[in-house]
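Just follow the structure's listing: the first ligand is 1, and inside any ligand the first atom is 1. FYI, side chains are in, hydrogens and waters are out, and symmetry mates aren't considered; it's all heavy atoms of this structure.
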Amino acid sequence: MINMSEYASRRKELMQSIGPYGIVILPAALEVLRNGDAVYAFRQNSDFYYLTGFEEPDAVLVLLPKRKEGEYILFNRVRDRDHEIWDGPRAGQKGACKQFLADLAFPISELEKKLPELLLGRESIHYPLGINQAFDKLLMRALNSVRAKARSGLKAPVAVVDIAPSLHEMRLFKSPAEIAMMQKAVDITGHAHVRAMEACTPGIMEYQLEAEITHEFLCHGARAPAYNTIVGSGRNTCVLHYVNNNHKVKSGDLVLIDAGAEYQNYAADITRTFPANGRFTPEQAAIYDIVLTAQQAAIQSIKPGASWDKAQAIIAKIITMGLMEVGILKGRLDDLVKKEAYFPFYMHRSGHWLGLDVHDVGAYRIDSKWRSLEPGMVLTVEPGIYISSDIPGVHKRWHNIGVRIEDDVLVTRKACDVLSKHIPKKIMDIEALMAR
Ligand code: GLY
Ligand code: MN
Ligand code: MN
């Protein structure tokens, strides 16, 4: 658990960045119906969670820098014995102040009535623009009602500012407490990948391997995957976000598992590829080696000051060289890299930021230039080669070989720390593990 005082310092930092005349308004996630009256498991909005640590729906955070009566107001659900008998305890307004350190808390039903008075005298409204239409409307109604009062000399806000850039820049840099949560998510995920490799045997269904992954997540307190678990075998290894997971795994197939636990709302995102029967064929091993070499070289380049794009350039070059060596690409290396001849086989980027969201927030470019890496950023490095049988001109012995290797990497002061370094990925180690 992250300490409540850390949430308080995040709110303080955000208030400092918007200045003394701004107001921050941020709604919690909504409960979403799945079918009939059954709802999806509730997952808090990441921005809201980052600033509050509060995990109930039907809540709105308001920050009012320098307001004497209190800077942090939480609107949330009232305690209600009947509801709590069915759905469990609620913090209520008392809990919002005591446990979650709000200066003031009001029932969510009072939001619309109270919002105009909170807007009064503020110059700019900072909120997630255009994400939730009902909320956009509510806010504009409140703004208009303040404007009506403004005729009697009171000031209404004159600017509406998207809160995303400033808040997401904060989220991009992980604190030691956040890194500890992410390390835990990664460690649980590592055990899950090893468990799936150990359980794999020809004839098993892809969803049975997914069950091994889910089992390990739940047993260690990761209550959900950070994204839908991908278990693809054979030709399905070439489908980037394959989630049907309903085919039988055959001897001679590769199996690609892209799975990450979510722990205390922090994501891991890890991919391993292994042979269904425990032994790579020479063709599978050749492609695997190219991807692994590309990944290791890309990881080597990760350090403060390196451009975000560097890993991609390294991967593109090594994959092109590798595909030339095995005879799949023909031509001159520079020409092939320049015209992106690797693209039919490697069609995504080197990775993404990782944090509360699997594809985490934060700008990748600044003033249209790729940004430089800095300590505290966490990113994935995930090259892949996917040789789908419908790519023309490739000998069929390469068909349906899809390999991705994905690790989670923290940029440190001197270089980087691969959070997932303990999860086997060398051919030798995977084969030894599967032979046990
Ligand atoms: N698991 C999704 C991704 O690797 O980006
Ligand atoms: Mn990823
Ligand atoms: Mn992934």
Which atom, among the N/O/S set of Glu406, is closest to the Mn ion (ligand 3)? OE1
Below 2.8 Å, any N, O or S contact between His352 and the Mn ion (ligand 2)? yes
May I ask you to check whether Glu382 brings an N, O or S atom to under 2.8 Å from the Mn ion (ligand 2)? yes
Should Arg272 and Asp258 count as an ion pair when the cut-off is N to O under 4.0 Å? no
For Tyr227, counting its heavy atoms only, list the atoms of ligand 1 lying under 4.0 Å from any of them. 1 (N)
Proximal atoms of ligand 1 relative to Glu406 (non-hydrogen, under 4.0 Å): 4 (O)
Centres of the Phe345 and Tyr386 rings: under 6.0 Å? no
Arg10 to Tyr50 six-membered ring, cation-pi geometry met (6.0 Å, 45°): yes
Could you tell me if Arg365 sits above the aromatic ring of Trp370, with its cationic atom closer than 6.0 Å to the ring centre and no more than 45 degrees from the axis? yes
For Val358, is the nearest heavy atom under 4.0 Å from an atom of ligand 1? no
Are His241 and ligand 1 in contact, using a heavy-atom cut-off of under 4.0 Å? yes
Looking only at N/O atoms, are His359 and ligand 1 under 3.5 Å apart anywhere? yes
Is there a donor-acceptor pair under 3.5 Å between the side chain of Ser251 and the backbone N or O of Asn277? no
In terms of heavy-atom contacts, does CZ of Arg413 have more than 12 from other residues, nucleotides or ligands at under 6.0 Å? no
With no hydrogens and no angle check, do the side chains of Thr271 and Glu382 hold a donor and an acceptor under 3.5 Å apart? no
Identify the closest protein heavy atom to atom 3 (C) of ligand 1: which residue and atom is it, and at what distance? Asp269 OD2, 3.3 Å
Report the atom name of the nearest N/O/S atom of Asp269 relative to the Mn ion (ligand 2). OD2
